[in-house]
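Everything quoted here is computed from the prediction, not taken from an experiment. Chain identifiers are assigned alphabetically (A, B, ...) following the order of the sequence lines, protein sequences preceding nucleic acid strands; residue numbering begins at 1 within each chain.
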Amino acid sequence: MAQDSKDTTDSLEITKGANENDSNVQETLEKSFRANPLKNNEFIIRFDLNERFVHWVTAILFLTCLVTGIALKSPPLMVLFGGRTGLRITHIFAGFLLPFPLVIGVLAAKKESLFRKDIRLLNRWTNSDFEWLKTWGRKRGLESHKFNGGQKANASFIAGTVIIMLLTGIVMTSYNLFPINFRTGATFFHNVFFYLALFAITGHITYAMLNLDSLKSMITGKVSITWAKRHSKMWVKEDDELPN
Amino acid sequence: MDPEISKPIGRRVILSMGAVGVAGIAYGSKIQSWVGSTLSKVAPNNSLIGLIPGADTFQIYTVAGFPQMSTSQYKLSVNGLVKKELSFTYEELLSFKPTLLTKDFQCVTGWRVPNVHFKGVALKDILSKAGPKNNANYVLFHSFDGVYTESLSIDQAMRFDVIVAYSMLGGPITEEHGGPVRLYVAPMYGYKSIKWLSEITLSSSLQEGYWEQLGYDVNAWIGNSNGRNDRPVD
């Protein structure tokens, strides 16, 4: 766009005078593109490669845990998957690996990276996020930042669930080190949070299916500016104001 | 960042949930027994209740799937240190004097089903027929799933409340409960009550059963083993 080849000069000459406003718009867009390389006049980068990679590796591990976990509790499925031993090993393996993609991803990301920034955003809940949660996003005129209250709640809840599953899972697999009552308690809470995790992840996938642009952005990394303005007004606004 | 007031709630949620996990490990067994007793009062015979964590219903466990065998194919063999090796058909088991027991079924993972009806042959009746030799100190049980095993000492095996059951919950034993024939060791944790029982071997030394090899107590008295303090079944 900003290349000064002959073609561009030509076309500029042609449009010159035809509409002064057009070239003004062009200039603003170029300026904004230079200000934020993650943004051009059509798309804005929502998730960088690191984030997307971590998301999908975590998703595969999470679903593996879920499916093998259900099968371990359902005898007909257990038979279908070829018995308890294989399922148990897969479940434990996937479970203990589950936190690693996120932890490694965060440690590998630079402080100013999109990944680190998004985690800071997910941590900080604003008044309008609480308002969003109270009305489940139905209240008009709420201006969300990059993530709305529901997305922040979901992210924290899933992270918390993973921690609970991990703690109880450690007790369940190495019960020799703990009083046996701990094992009973751990098993009970592992089962309870299975249902809560299932609920949260079903909601997460349902909303992704209902908002395909959002799902696509977790694959390609990009969303259209129009979409971003509709769903994350404050985020786009803030990006516009970025000095450099 | 945000012009509005924002607080690090995300971190607080995650840390609180970590605390919930730790508390759950320490006190979860108490909550579970409360849930179990409440649910069994509210809906004592609802099979869907089994989906609720902590409910006092049978959780179906198997280590090697669900082996199938019809009553006409069924055979129970008694061998090892016996005076006479024997084999019983399903019909022959039915012709023994039946023993009826209605007792709680307590699992080592915490759930307990109250007043389960069992009917079968006292194990001691079967063992007496074969005649244990003097050096027969232990009894090893095999499942026809080909994997599961269990053990009892000869004294434990001679108890009145240890039966080779062919009826449970008021009908023939279903496939998932270990039919057509299973063991029911009333005073011990559920893993002793081997499902799909097909072979009884007497020997002079202890051979640990499936879960015992994985660290569970050999003498699995309810309330006095595996570090648990459940109410004994006697």
Checklist entry - Just wondering, are more than 12 heavy atoms of other shown residues or ligands nearer than 6.0 Å to CZ in Arg11(B)? => result no
Next on the checklist: On a heavy-atom basis, which atom in Met17(B) and which in Ser156(A) lie closest, and how many Å separate them?
Outcome noted: SD-O, 4.3 Å
Item to check | Segment of Leu15(B) engaging chain A (4.5 angstrom heavy-atom cut-off) | outcome: neither
Next on the checklist: Here's a test for you: under side-chain contact (heavy atoms from CB on, under 4.5 Å), which of Thr184(A), Val171(A), Ile170(A) qualifies with Ile25(B)?
Outcome noted: Val171(A)
Checklist outcome for this item: Assert top hit (heavy-atom pairs under 4.5 Å, partner chain A, pool Gly227(B), Ala23(B), Gly110(B), Ala19(B)) equals Gly227(B)
Item to check | Heavy-atom pair with the smallest gap, counting every atom of Ile14(B) and Ala159(A) | outcome: CD1-CB, 3.7 Å
Item to check | Which of Leu80(A), Ile164(A), Asn123(A), Leu167(A) touches chain B most, by non-hydrogen pairs under 4.5 Å | outcome: Asn123(A)
Item to check | Spacing of Arg124(A) atom CZ and Ile9(B) atom CD1 [to the nearest 0.5 Å] | outcome: 9.5 Å
Item to check | Engaged part of Thr187(A) at the chain B interface, taking heavy atoms whose separation is under 4.5 Å | outcome: neither
Checklist entry - Is the shortest heavy-atom distance from the side chain of Phe188(A) to the side chain of Val35(B) under 4.5 Å? => result yes
Next on the checklist: So for Tyr27(B), is it side chain, backbone, both, or neither that comes closer than 4.5 Å to the heavy atoms of chain A?
Outcome noted: neither
Checklist entry - For chain B, which of Asn181(A), Val162(A), Ile163(A) has the most heavy-atom pairs under 4.5 Å? => result Asn181(A)
Next on the checklist: For a quick test of reading the model, state the closest non-hydrogen atom pair linking Val13(B) to Phe157(A) and the distance between them.
Outcome noted: CG1-N, 4.4 Å
Next on the checklist: Can you tell me if Lys119(B) has over 12 outside heavy atoms packed within less than 6.0 Å of its NZ?
Outcome noted: no
